[in-house]
Amino acid sequence: MTDFSRAARRLALFLPALLLVPQTLPAQDYPAPASVQAEDEVPWIYENSDVPRDEEWVFGKLDNGLRYGVRENGVPPGQVSIRVRIDAGSLHEEDSELGFAHLLEHLLFRESQYLGPAEAIPRWQKLGATFGSDTNAETSPTHTVYKLDLPNVDPAKFEESMMLISGMVRGPVLSDANVRAEVPIVLAEKRERGGVSERVSEANLQTLFAGQRMAERITIGTEDTLRAANGTSVEAFYDRWYRPENTVISVVGDLDPNLLAAMVEKYFDGWEGKGPSVDAPDFGDPVAPQGADPANPVGDVAVIVEPTLPRSFTYGYFRPWRQVNDTIIYNEGRLEEQLALLLINRRLEARARAGGSYLYAQASEDKFSRSTHATLVQFAPLTDDWQAALADVRAVIADALANPPTREEMERELDEMEVGYANYVEQRSVLPAANFADDLVNAVDIREAIAAPETFLMVFNSMRDKATPESVLETTRDLFSGPVIRATYVTPNAADGDENVLRTALLERVDAAANARLAAQTISFDDLPAIGEPGQIVSRGPHGIGDVERIVFDNGVTALLQANSFEPGRTLVKVRFGAGYLAFDPEDAAYIQLGQSSMFSTGLGELGQEELDRIRTGRKLGLDFAIGDGTFSFSAQTRRQDLADQLYLFAAKLGMPRWDANPVLRSKAAAQLAYESYAATPGGVLSRDLNYFLYDELEVFRTATPDMLAAADIEGYREVWEPILEQGPVEVLIFGDYDKEQAVEVLSKTFGALPDRKPIPAEVAARAYELGDAGETVVRFHKGEANQAAAVIAWPAGAGRGGIRESRQLAILTEVISNRLLDSMRERSGASYSPSVRLDWPTDVESGGSIVGLAQLQPKDVPVFFAEADRIARELAETPPTAEELARAAEPLRNYYERLSSGNYFFMTELEGSTTDPRRMRALRGFLQDYVNPSPERMLELAQRYLADGAWRMAVLPEGQELATRVPSGAAQSGR
């Protein structure tokens with residue numbers, strides 16, 4: 001077994017003077033675990049399974065029925081991930097208990113055996129865990145899972161955490177007072193996630209799972225049942241389901257697995273359930289309506305009219321879920337199902353690209369919440385003629401049901417699948433502890449075993465050897481069959497048709513599409529034209545940080561290379577060029593949006609979108625594109641064996657771009673169809689309008705309207721993007737597992753062969769970003785629920801690489817503001833579920849930074865939010881936070897960056913731009929120390945500099961309402 005814990009620390013040590021590196025944990029005296037299952041005993045998760053055991057897991061079962069799995073893992077170093085899974089979710093609720101599983105999730109964090117009221121969040125923060133990411137929970141229809149990713153761990157810290165979690169699970173305080181305090185927070189969460197999305201979700205559940213418990217049990221519950229909850233009723237639900245035999249604990253991290261197991265036993269061994277054990281309720285089976293045609297058993301259908309949503313159609317084949325034995329043969333069958341769906345989805349996508357009647361279409365298969373095994377087909381019609389789109393989609397699937405695939409089609413998809421499984425094996429030593437911890441609880445949830453990456457690859461290869469066109473045809477027919485077919489259609493226009501029209505369309509006979517299959521076509525990188533004459537290296541040497549090497553080619557392209565074996569199977573590539581948003585003129589808004597979505601799909605060199613797909617088959621290649629404040633970037637995670645091809649694709653996009661029209665037309669259609677949906681919720685309006693108004697109505701940040709998109713064409717697209725791809729210095733960063741000398745040779749033939757870059761125009765380089773003036777509140781409106789609103793407040797902040805170290809200190813102050821706002825708006829008043837404050841400090845431009853606070857709340861509470869934010873800013877500019885409060889804010893940040901610093905991605909990100917601006921490299925020195933023991937006096941200084949002046953404000957209200965300006969009596973907090 002690779003000792004990645006030590007390997008990762010060696011990576012961190014390549015900046016030995018800069019980092020605080022976790023040290024090897026000392027051995028501790030702790031009792032040996034007594035309930036670990038013996039080597040000759042079948043672990044509980046492998047019962048009735050012949051899947052090879054993953055030997056790195058240690059499993060145990062306590063006398064009270066609680067099961068656990070523990071595993072040593074040092075990714076990232078010094079972290080332990082804890083998961084406590086309770087086998088109870090919304091499907092276990094009675095009609096009077098709707099929402100109780102989720103409410104209990106909240107209540108366990110409110111007060112428990114070892115944590116007083118509202119102490120959980122600050123306690124975890126002091127231990128270095130960030131609430132919402134490191135410390136979290138989830139409730140699903142079938143389970144509730146409590147999660148903790150504990151950084152910078154040692155045995156004492158781990159034991160303290162296990163004690164606290166055990167107190168939460170075994171001894172929550174379910175008093176009337178705590179229920180009354182938490183229900184408003186849950187109702188705020190319900191309000192924020194409600195409206196259009198909740199209505200559509202409920203309608204889908206009621207139709208697709210008709211007759212089953214899933215149909216009537218959304219996880220958040222109902223307002224009536226939540227308001228009726230009290231300590232007695234919630235405790236009854238807790239007593240029924242929170243029992244050791246319903247509990248699985250997964251612990252994975254950088255400690256001795258015997259210690260992990262011993263602490264599970266110490267804090268959970270004496271736990272006993274209250275009252276008799278209760279069986280889970282029957283979740284029900286999907287059943288066809290009486291008289292349905294067995295050959296086409298169309299059952300429940302629904303037309304869901306939502307004026308702000310684009311058209312979308314879902315239909316599926318629903319089969320009963322049954323417990324299976326998780327065997328190798330069973331998994332081979334599951335992989336063949338995946339193959340069958342990949343074949344269909346490739347054909348559906350090809351028809352959409354060619355200008356079909358739908359924007360997208362996809363078939364999928366899932367076992368939903370141990371309730372049904374379903375095959376779903378989802379698509380978005382391009383027009384109101386959804387029947388034509390439905391007929392086209394069904395025709396493609398009908399061909400797959402009538403005729404076996406070709407061997408060439410199969411091999412293409414199998415090659416794609418193999419890349420994923422082979423790379424999974426390559427990366428096994430760098431898979432994070434949190435992933436393994438989640439894998440175990442997810443396996444328990446679906447009642448299946450877990451397996452090592454090598455087992456996945458072995459089973460795939462076995463399936464590949466056995467699969468034939470005839471067997472795939474049989475699998476496809478099984479997937480698209482079942483006792484009942486159900487469908488929902490979401491439309492903005494009720495005139496599109498009703499349930500009878502929808503049902504009739506599904507009952508119509510459909511003929512197999514004669515042109516659904518893709519012709520065989522072999523494309524090789526060896527046959528592609530050269531980028532140009534290979535470039536010459538004009539300088540090569542150390543970059544000044546560890547063994548990072550800097551190379552400059554005679555065309556001006558620079559590269560930073562860091563080759564290591566710390567993360568096997570991962571090679572990170574990033575290409576930075578140009579001026580980002582600064583490069584655009586005000587009239588370019590539509591083309592900015594279209595370029596973000598279609599940059600690579602418009603093609604490069606001799607490769608259109610279909611050819612790009614084919615040439616990437618069997619390779620791990622990425623084509624991500626991003627527009628930054630002051631740079632553009634291409635990025636990918638690839639492998640050493642595919643690095644040359646990855647570099648060719650990126651260089652070819654710059655050196656010989658292609659301008660195919662169809663991808664742009666498709667992106668136009670998608671943007672036009674989605675535009676109205678922004679108005680459905682306050683959050684949608686913020687997504688559409690916030691940056692535009694925050695930056696003083698700067699047109700480049702404007703979301704293009706349908707009219708603006710309609711006026712865009714391929715000629716205008718090329719006119720905007722062609723000069724951008726030619727301008728500005730190019731910086732290539734390659735970090736990870738690869739051969740450096742081979743990479744240098746490939747760089748010479750690709751990026752070194754590019755023509756000389758054109759300079760960024762002086763007027764572009766001189767542009768700057770400015771926030772809007774603090775003045776009247778910007779008011780926008782949404783078309784959603786009358787009780788939903790959003791509020792934003794922003795203070796100007798700095799920007800640029802020269803102030804990066806100050807930005808880290810300002811990030812601590814931002815966390816203090818966020819914690820205080822959360823305490824005021826959520827914990828004390830229940831006005832908002834998730835108010836937050838974030839710092840934006842751009843590093844590739846010299847202006848435009850901001851501290852932005854936002855919250856979703858009721859319209860009447862908008863002035864409360866502004867008043868609270870103002871109060872917090874004013875108090876911080878007058879009185880510094882306490883040392884304890886600063887530690888609560890800084891420790892999670894320090895631990896977060898300490899964990900990041902064990903990987904190549906961190907250093908690549910921190911060093912980007914440093915070939916042209918050495919300030920970026922200098923700022924890397926001491927980056928962790930910037931989060932250690934922050935000074936209250938420094939926080940006061942920063943608050944006076946950034947928070948003392950007026951703040952910019954924005955409110956999003958329901959249509960027809962006016963902005964409230966008065967704070968309700970008693971709503972504002974009096975201070976700390």
Pair [X] + [Y], salt bridge at N-O below 4.0 Å:
X	Y	value
Asp840	Arg838	no
Asp439	Arg71	no
Glu868	Arg820	no
Glu160	Lys157	no
Glu885	Lys126	no
Arg193	Glu189	yes
Arg938	Glu941	yes

Within 6.0 angstrom of Tyr905 OH, more than 12 heavy atoms from elsewhere: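 12 or below, so no.
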
Contacts of type ring pair (Phe, Tyr, Trp, His ring centres under 6.0 Å), residue His143, not counting sequence neighbours: none

Under the ring pair (Phe, Tyr, Trp, His ring centres under 6.0 Å) test, residues paired with Tyr146 that sit two or more places apart: none

What pair of heavy atoms forms the shortest contact from [X] to [Y], and how long is it?
X	Y	answer
Leu857	Ser832	CB-CB, 4.5 Å
Ala790	Pro682	CB-CB, 3.7 Å
Gly171	Tyr238	N-OH, 4.2 Å
Pro881	Leu876	CD-CD2, 3.9 Å
Val792	Phe866	O-CE2, 3.3 Å

Strictly distance-based, threshold 3.5 Å: is any side-chain N or O of [X] a donor or acceptor partner for the main-chain N or O of [Y]?
X	Y	result
Trp241	Asp87	no
Ser166	Met163	yes
Ser850	Val852	no
Glu910	Leu924	no
Asn904	Leu572	no
Asp254	Gly74	no
Ser902	Glu898	no
Asp445	Leu440	no
Ser818	Thr814	no
Ser112	Pro172	no

Sole candidate of Asp930, Leu893, Leu928 that passes side chain to side chain contact (heavy atoms under 4.5 Å, CB included) when paired with Arg808: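 Exactly one candidate clears the test, Asp930.
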
Close side-chain approach of [X] to [Y], heavy-atom, < 4.5 Å:
X	Y	answer
Ser90	Ile218	no
Asn895	Pro892	no
Arg85	Val444	yes
Leu115	Phe109	no
Val430	Arg570	yes

For [X], check salt bridge (charged side-chain N to carboxylate O under 4.0 Å, His left out) against everything at least two apart and list the hits.
X	value
Glu937	none
Asp438	Arg83
Arg227	Glu223
Asp629	none

Side-chain H-bond candidate by donor/acceptor type, Tyr946 with Glu806, under 3.5 Å: yes

Short side-chain donor-acceptor distance under 3.5 Å, Thr144 and Glu105: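 There is no such pair between these side chains.
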
Test side-chain contact (heavy atoms from CB on, under 4.5 Å) applied to Trp57 and Val252, step by step: CA-CA 9 Å; Trp57 280 99; Val252 184; 3.5 Å; yes

Pair Leu107-Val179, side-chain contact (heavy atoms from CB on, under 4.5 Å): steps then yes or no: CA-CA 7 Å; Leu107 287 166; Val179 173; 4.0 Å; yes

side-chain contact (heavy atoms from CB on, under 4.5 Å) between Thr681 and Glu192, intermediate numbers included: CA-CA 9 Å; Thr681 64; Glu192 290 179 21; over 6 Å; no

Listed by chain and number, what are the side-chain hydrogen bond (donor to acceptor under 3.5 Å, both in side chains) partners of [X], not counting sequence neighbours?
X	value
Ser81	Gln79, Asp149
Arg67	none
Lys190	Glu198
Asp949	none

Parallel, tilted or perpendicular, as decided by the 30° and 60° cut-offs, for the rings of Tyr833 and His106: tilted

Salt bridge (Lys or Arg N to Asp or Glu O under 4.0 Å) partners of residues 809-818, not counting sequence neighbours, each pair once: none

Criterion side-chain contact (heavy atoms from CB on, under 4.5 Å) on Arg191 and Gln858, from CA distance to verdict: CA-CA 8 Å; Arg191 183 180 64 249; Gln858 297 186 74; 3.4 Å; yes

Output side-chain donor-acceptor pairs under 3.5 Å for residues 256-268, partner residues at least two apart or in another chain, one line each.
{"residue": "Asp256", "atom": "OD1", "partner": "Asn258", "partner atom": "N", "Å": "2.8"}
{"residue": "Asp256", "atom": "OD2", "partner": "Tyr30", "partner atom": "OH", "Å": "2.8"}
{"residue": "Glu265", "atom": "OE1", "partner": "Ala34", "partner atom": "N", "Å": "2.8"}
{"residue": "Glu265", "atom": "OE2", "partner": "Ala34", "partner atom": "N", "Å": "3.0"}
{"residue": "Glu265", "atom": "OE2", "partner": "Ser35", "partner atom": "N", "Å": "2.7"}
{"residue": "Glu265", "atom": "OE2", "partner": "Ser35", "partner atom": "OG", "Å": "2.3"}
{"residue": "Glu265", "atom": "OE2", "partner": "Tyr68", "partner atom": "OH", "Å": "3.1"}
{"residue": "Lys266", "atom": "NZ", "partner": "Glu159", "partner atom": "OE2", "Å": "2.5"}
{"residue": "Tyr267", "atom": "OH", "partner": "Glu159", "partner atom": "OE2", "Å": "2.8"}

